[in-house]
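Step one of this worksheet: look at the structure below.
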Amino acid sequence: MYLRTIQRHNRDGSTVRYVQLAHNYRKGKNTQAEVLAQLGREDRLDMEGLRRLVSSISRYLDGQGALPAGPDAGDQVLQVESSRTLGAVWLLDALWQRLGVAGALAKLLGTRRFGTDVERVLFALVANRAVDPMSKLSAAEWASRDVAIPGLVGMDDDQAYRAMDLLADADAEARVQEAVFFAAANLLNLEVDLLFFDTTSTYFERDDAEAGPGAFRVHGHSKDHRPDLPQVVIGLAVTREGIPVRCWCWPGNTNDMTVLRQVKDDLRGWRLGRVITVVDRGFARDDNLAYLTRAGGHWIAGERLRDNTADVAQVLSRQGRYQSVRDNLRVKEVRLGQGDGARRFVLCHNPEQAERDRHQREQQLALVAAELERIAILRAKAGQAKAAGRGRGRRAAAGEDHLKAECALREHPSLGRWLRQTPGGRLVTDRAKVKAEARLDGKFLLSTSDPDLSAEDVALGYKNLLEAERCFRDLKTTLELRPVYHHLERRIRAHVLLCWLALLLARVAERQTGHTWRRINLELGRLHLVTLAGPAGRLEQTTTRTSAQHELFAATGITPPPRVTSLQPA
């Protein structure tokens with residue numbers, strides 16, 4: 001590390017010299033200089049402050065690495081003023097810039113003036129969601145005291161909420177997502193010929209739901225198994241690489257069947273060309289699928305094998321050999337109908353899943369048999385009590401016991417499906433149902449409108465729909481999307497969008513490094529920015545980088561933070 005000077009020539013012919021703190025490092029076979037800090041113009045330097053800094057370093061060296069102690073020297077040493085985590089936030093900020101989020105926000109804000117940097121506040125909220133999720137009030141304190149956000153000295157919760165309100169504007173939301181999508185597609189060379197769409201729900205820790213037309217927080221079918229709480233429905237479009245390219249938010253009572261048209265219309269404006277949309281069986285309604293084929297689009301959809309429709313019956317009865325493909329999967333293509341009414345199906349079979357289905361069914365049937373045997377014993381006891389002429393109360397109690405047991409078994413969510421009731425009112429195992437289910441072990445059925453995709457591509461493409469489910473899982477666990485404590489619709493939409501941006505940055509980091517975001521966050525979280533202060537001035541420098549941290553920055557192509565980020569003589 002050394003001091004050096006550089007010269008700048010002004011238009012009037014004068015020359016100005018600047019002083020820099022630099023050090024040399026080896027890059028390949030060559031040695032390059034890196035500027036650690038700009039000390040300013042040579043004619044305006046605080047020479048006395050530099051002398052104090054040199055004196056402090058000399059005392060440190062004279063003490064063989066130990067800073068002098070004692071009441072007479074305590075006012076001369078550097079004190080640790082703060083230590084804030086930096087590594088993970090530095091990586092996220094570089095990806096934030098690469099994906100064009102900052103530029104998109106700058107265009108949206110235009111020439112409007114704000115008391116704080118709105119873009120930096122929004123980035124701080126996104127970084128908090130990815131690094132250490134917490135409430136907006138706690139996130140403001142975290143960004144001000146616990147972490148070093150580049151370009152942001154501090155913020156409060158009011159600034160956070162005002163920034164969220166700007167982000168929740170419908171036009172802002174759409175333009176930010178579009179700009180981020182195309183930047184991510186160029187950066188990662190994404191394949192967007194297949195887009196996977198799915199929905200989930202998230203609930204609110206509030207007992208009251210909104211009422212009236214246009215209500216947003218309402219009760220609906222909860223995929224979190226919390227029907228007692230109001231919720232909203234969230235949709236995600238995901239590429240085959242697992243990159244979430246767009247999100248939506250609807251009222252909590254929205255039906256899955258009603259949202260595909262909006263999804264198709266919103267993505268049409270992105271001019272993606274030929275896109276195949278992959279949806280689960282919950283969206284496979286005929287009018288939805290027909291809408292997806294407009295403007296040259298195609299779809300792959302899951303079909304309900306247990307609906308007993310004529311098409312499903314024909315597909316299952318059609319003879320033909322299965323073709324083995326990757327991931328322990330076998331496929332068989334079946335075409336039904338002629339001309340414009342023709343439909344293309346792909347029947348898939350997983351032998352390992354078939355064995356798991358068989359084992360689970362046998363366990364459930366064993367439980368059913370044991371419960372039927374117990375009910376038979378209760379019924380026999382009731383009959384014996386009646387024959388013996390015992391008290392009316394005892395006979396009624398014995399009869400109620402076996403009736404309650406029968407009702408509970410018949411209404412059981414997993415065991416009741418294996419039962420049927422005889423004309424005499426007795427419950428018995430439905431052998432026809434067991435035989436029909438055995439035919440479906442390890443099988444799932446797909447349909448597609450694309451005439452060119454192979455059966456293997458259809459099956460493997462549908463299996464990638466699990467990437468959307470993985471995104472939802474990470475949103476709800478790692479990023480702590482739920483529970484939501486906001487009650488205004490614009491704040492709810494902004495919260496979902498912030499979580500989506502955090503998920504996008506995490507997925508990009510995962511794809512470029514080959515590590516999970518949990519591992520990346522843990523490793524880079526150990527890189528801190530330490531602030532030292534003393535009579536000679538203030539110095540900000542990072543802790544020594546580990547080899548693992550070097551590898552993570554190198555894999556993403558991001559320049560790590562400099563060793564010395566700031567040097568301010570007194």
Side-chain angles (χ1 to χ4, degrees), residues 126 129-130 133 168 173 177 180-181 194-206 209-210 215-264 266-267 277-285 288 292 299-302 304 444 462-487 489 491-507 510 517-518:
V126 171
R129 192 54 51 181
E173 183 178 348
Q177 294 192 73
V180 169
F181 166 73
L194 281 180
L195 283 181
F196 304 88
F197 176 77
D198 205 354
T199 62
T200 189
S201 60
T202 188
Y203 56 84
F204 296 80
E205 288 292 354
R206 298 169 61 91
E210 292 180 317
F216 200 64
R217 293 180 297 102
V218 293
H219 293 284
H221 173 65
S222 175
K223 299 184 180 181
D224 294 322
H225 308 290
R226 292 303 305 266
D228 56 315
L229 295 175
Q231 65 175 22
V232 294
V233 175
I234 298 171
L236 271 185
V238 183
T239 68
R240 67 172 74 200
E241 294 87 357
I243 305 297
V245 295
R246 180 137 189 183
C247 69
W248 292 265
C249 194
W250 297 287
N253 57 0
T254 302
N255 190 301
D256 284 349
M257 290 292 188
T258 63
V259 300
L260 270 186
R261 294 195 173 209
Q262 180 184 345
V263 173
K264 173 72 174 179
D266 289 346
L267 292 177
T277 307
V278 185
V279 295
D280 206 349
R281 57 181 62 91
F283 304 92
R285 198 171 66 183
N288 278 338
L292 289 177
W299 46 262
I300 298 174
R304 299 182 184 276
F444 60 95
Y462 182 80
K463 287 195 69 175
N464 281 340
L465 189 59
L466 294 175
E467 288 293 344
E469 297 176 4
R470 177 178 169 239
C471 286
F472 287 135
R473 184 171 62 250
D474 287 352
L475 276 175
K476 294 180 179 181
T477 55
T478 305
L479 306 181
E480 297 185 15
L481 168 71
R482 64 179 186 189
V484 184
Y485 294 95
H486 303 289
H487 62 278
E489 179 178 344
R491 299 272 172 83
I492 297 169
R493 291 185 179 276
H495 173 74
V496 172
L497 194 59
L498 291 173
C499 292
W500 168 75
L501 285 169
L503 177 65
L504 173 66
L505 296 179
R507 282 288 183 271
E510 287 178 341
W517 172 247
R518 192 182 297 273

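All values reported here derive from a predicted model rather than from experimental measurement. Computed over heavy atoms, backbone and side chain alike; hydrogens, waters and symmetry mates excluded.
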Fill in: Evaluation steps, side-chain contact (heavy atoms from CB on, under 4.5 Å), between T199 and I234
CA-CA 5 Å; T199 62; I234 298 171; over 6 Å; no
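Under the 3.5 Å distance criterion, the side-chain polar atoms of E210 are matched with a main-chain donor or acceptor of R217. W500 places a side-chain N or O within donor-acceptor distance of the main-chain N or O of P244, the cut-off being under 3.5 Å. Proximity of a side-chain donor or acceptor of W250 to a complementary backbone N or O of F216 within less than 3.5 Å is not detected. Put simply, the side chain of Q231 gets close to the backbone of G252: a donor and an acceptor are under 3.5 Å apart. Side-chain atoms of R493 come within 3.5 Å of backbone atoms of C249 as a donor-acceptor pair (strictly under, hydrogens ignored).
With rounding to the nearest 0.5 Å, the separation of CG in L501 from SG in C247 is 7.5 Å. Atom CG of L498 is separated from atom CZ of R129 by 8.0 Å, given to the nearest 0.5 angstrom. For the atom pair CG (L260) and CD (Q262), the distance works out to 10.5 Å, reported to the nearest 0.5 Å. One distance of note links CG of L195 with CG of L465; it measures 11.5 Å at 0.5 Å rounding. Here the straight-line distance linking atom CG of L481 with atom CG of D224 works out to 8.5 Å at 0.5 Å rounding. Taken from CG in L236 to CG in L475, the straight-line distance is 6.0 Å, to the nearest 0.5 Å.
Taking the charged nitrogens against the carboxylate oxygens, R473 and E469 have no contact shorter than 4.0 Å, which rules out a salt bridge. Classification of D256 and K223 as a salt-bridged pair holds, one side-chain N sitting under 4.0 Å from a carboxylate O. Under 4.0 Å is where a charged nitrogen must lie from a carboxylate oxygen, and between K264 and D266 no such pair does.
Every residue meeting the side chain to side chain contact (heavy atoms under 4.5 Å, CB included) condition with E467, not counting sequence neighbours, appears here in chain and number order: V238, R470. Evaluation of the salt bridge (Lys or Arg N to Asp or Glu O under 4.0 Å) rule for D198 yields no partner, not counting sequence neighbours.
Annotation for S222 and P227: closest pair CB-N, 3.9 Å, computed over non-hydrogen atoms. Across every non-hydrogen atom of C471 and G242, the tightest pair is SG-O, 3.8 Å. Minimum heavy-atom separation, W517 to A506: CG-CB, 3.7 Å. Of all non-hydrogen atoms in V218 and P251, the two that sit nearest each other are CG2-C, 4.4 Å.
Note: W248 and F197 have perpendicular aromatic rings, judged against thresholds of 30 and 60 degrees for the angle between ring planes.
No side-chain donor from either of D228 and Y203 sits under 3.5 Å from a side-chain acceptor of the other.
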